[in-house]
There are 2 protein chains.
Amino acid sequence: MAVTLRDVARLAGVSIKTASNVVNGYEFVKPENRRRVEEALAATGYRPNIGARNLRRGRTGFIALVVPELGIPYFGELASLVITAGREQGWNVLIEQTMATREAERAVLTALGPHMIDAAVISPEALHAEDFAELDPGVPLVMIGEHSVDVRIDHVAIDNVLAARTAVGHLVAIGRRRIAAIGAHPHRGTAALRLAGYHEALAAAGLPQRPELVREALRYHRQNGAEAMAQLLALPEPPDAVFCFNDLLAVGALRSIAERGLRVPEDIAVVGFDNTEEGAYSRPSLTSVAPDKLAIARTAVDLVRRRTGGTDAEFVPEEIQTPFTLEIRESSLPRF
Amino acid sequence: MAVTLRDVARLAGVSIKTASNVVNGYEFVKPENRRRVEEALAATGYRPNIGARNLRRGRTGFIALVVPELGIPYFGELASLVITAGREQGWNVLIEQTMATREAERAVLTALGPHMIDAAVISPEALHAEDFAELDPGVPLVMIGEHSVDVRIDHVAIDNVLAARTAVGHLVAIGRRRIAAIGAHPHRGTAALRLAGYHEALAAAGLPQRPELVREALRYHRQNGAEAMAQLLALPEPPDAVFCFNDLLAVGALRSIAERGLRVPEDIAVVGFDNTEEGAYSRPSLTSVAPDKLAIARTAVDLVRRRTGGTDAEFVPEEIQTPFTLEIRESSLPRF
DNA sequence: TTGAAAGCGCTAACAG
DNA sequence: CTGTTAGCGCTTTCAA
């Protein structure tokens, strides 16, 4: 079997405590002993049993990252960054997929007892505000991406309203007047915020709000974008621009537009959201709101560290906004 | 703090052993006691401490999935499936990213001691055969995707040579004669196999092997594909088709071709590998070799289960081939 | 059928 | 500065 700390101590001729002290970087160890332990460590190739350590310390060293689905580029990229950021801070990141179902998200909040993980970073898609009130995960929770106004939870995200307003403002600036939106959703917090930004931008430009130009998307996959766009194109007076609430929807929209024989951006300009690499290489390349994913990952992990390390004194949820930019590409170039 | 088994036992008025028996579904418990324990379980909302259980049992309940990078669509999709397949069999899947560096892959093989995980599923990109011989992870290893001939390790993959031959054969069938390849790599096993399939298909069609039409790609990202394609287009006699060793390379190639003002498939046909959703929605949509990712994930997890459960008697590595298809789309439609 | 008790590998009092 | 020892929560002999 594997070598234990006791073996190391025995080999070094010291007590297990001294061996433990060396392993844990405790300062006050007689140099002679330290040397001998280090030799024994090297000779045996000792690796601490994390499970045992955590059992004793009362923590697990794991944080959960709860996302809808890793196969979605945005979440794949985000997960990649969270794993890396977590690793830098000594955490193991356990990924839970909910497939964007409320049920699975509730289950995660319930089942991820304090035994398995020390904290969770969650990007909820379908949870309602009351779920948070009802369910107690028993560990600190950091929410990324979504915002349900009345939930008292730490939250890291970009300013979705401003971002949407910026995106639509850009479409106005390049001369578009019939600007559609794809991605409205009855329960999704981000959807509501982006929709609000869309409406604000139209209002600021003095453009009319046309309900028929706002399309729902129950899931944010390419196919949903393609379907919504097809509906918009079937309108008696189709839009001359469309703001999609994520890049996947936009990629789907591009395809529907192409299938109709229309050109982007000449006939219809398109803007996405998330700035995935896929969008940067699509044809035409996709203008997109670019959240600083690295900042989101780092900030979330940092918040986890503070929440798990600190005292419980008077919980005041933090609301942290991370930066974003608008990456302008071919899909929204001005017509001249 | 959290409720322990001892609390449950106390509440039920039985010994901890009896409580444990009930929790673990042991059959011979007096009905009366079982009922009381179950009530106590429900009343307290008891959740077993997995870490403690595993410490005692000598296993961790975790398997590692080692991939280059989750942000790469293929691996994001694969990870998603492995997590799901693992969950079905009672495993927690821990994801390790190596960023396709040999160093990180070696580190994983070394550091993932038997304490942390019970087994690992690894998709190596940069490991050499001698790394496997040198390093002993101390846990069962299942390799997916890559094949280094002389390594005695369980292996799940499609028949890469056949798949490549099929893809290139298809290009021949639609009348292409100057068929290029993008993705050759000095150390990558899959690259060698796909290249072999490419050569075989040319030979079978009686076409000449032109070294200038085979381009290396040190990484398999979109940008590498774009660069390699640009070089091919700069040739005095550019190719009329290109077989890319993954979809990302193909997407990059599509962009370079478009930037040159050439058309796909009229001027140049393109075939990718992996059948990512991105390729299905690119413009033109991408013909691609479609490995059955679900089968790969399921088979790998199944192999893990057998290896961790069984005896050590006479290890004979398994070589399992999973099915694939060729998804023909716009990028390789015949010219008429 | 169940209880008592040992111990998985580790850390943290507490003495010394 | 270092050794002894008591558990973390759980499973598992071993008796009863």
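Chain letters run A, B, ... following the sequence lines, proteins first and then strands; every chain starts at 1. Fair warning: this is a prediction, and the values are worked out from it, not measured in the lab.
- Residues passing the ring-ring contact (aromatic ring centres under 6.0 Å, His included) test with F62(A), sequence neighbours excluded: F62(B).
- Of the residues in residues 15-30 of chain B, those placing a heavy atom less than 4.0 Å from an atom of DNA chain C are S15(B), K17(B), T18(B), F28(B), V29(B), K30(B), in numerical order.
- In this structure, CZ of R6(A) is placed 13 Å from C1' of dT11(C), rounded to the nearest angstrom.
- Residues in residues 48-59 of chain A take part in these salt bridge (charged side-chain N to carboxylate O under 4.0 Å, His left out) pairs, two or more places apart or across chains: R59(A)-D118(A).
- Atom CG in N49(B) sits about 7 Å away from atom P in dG9(D), given to the nearest Å.
- Looking at heavy atoms from C-beta onward, S123(B) lies out of side-chain contact with E105(B) at the 4.5 angstrom threshold.
- With sequence neighbours excluded, the residues forming a salt bridge (Lys or Arg N to Asp or Glu O under 4.0 Å) with D302(B) are R305(B), listed by chain and number.
- Using a cut-off of 4.0 Å between Lys/Arg side-chain N and Asp/Glu carboxylate O, E32(B) and R35(B) are scored as salt-bridged.
- Between the side chain of R307(A) and the backbone N or O of P140(A) there is no donor-acceptor pair closer than 3.5 Å.
- Residue pairs meeting the salt bridge (charged side-chain N to carboxylate O under 4.0 Å, His left out) criterion with at least one partner in residues 69-88 of chain B, sequence neighbours excluded, are E96(A)-R87(B), E69(B)-R219(B), E77(B)-K293(B), E88(B)-R298(B).
- Side-chain proximity of R56(B) to the nucleotides dT12(D), dA12(C), dC10(C) is greatest for dT12(D).
- Side-chain atoms of S20(A) and L5(A), non-hydrogen and from C-beta on, do get closer than 4.5 Å to each other.
- Consecutive Watson-Crick or G-U pairs involving DNA chain C, each under 3.5 Å on both distances, make up stems of three or more pairs at C:1-16 with D:1-16.
- Between R53(A) and dG9(C) there is no side-chain polar atom (N or O) within less than 4.0 angstrom of OP1 or OP2.
- Residue contacts shown for N33(B) are limited to sugar-phosphate atoms, with no base heavy atom under 4.0 Å away.
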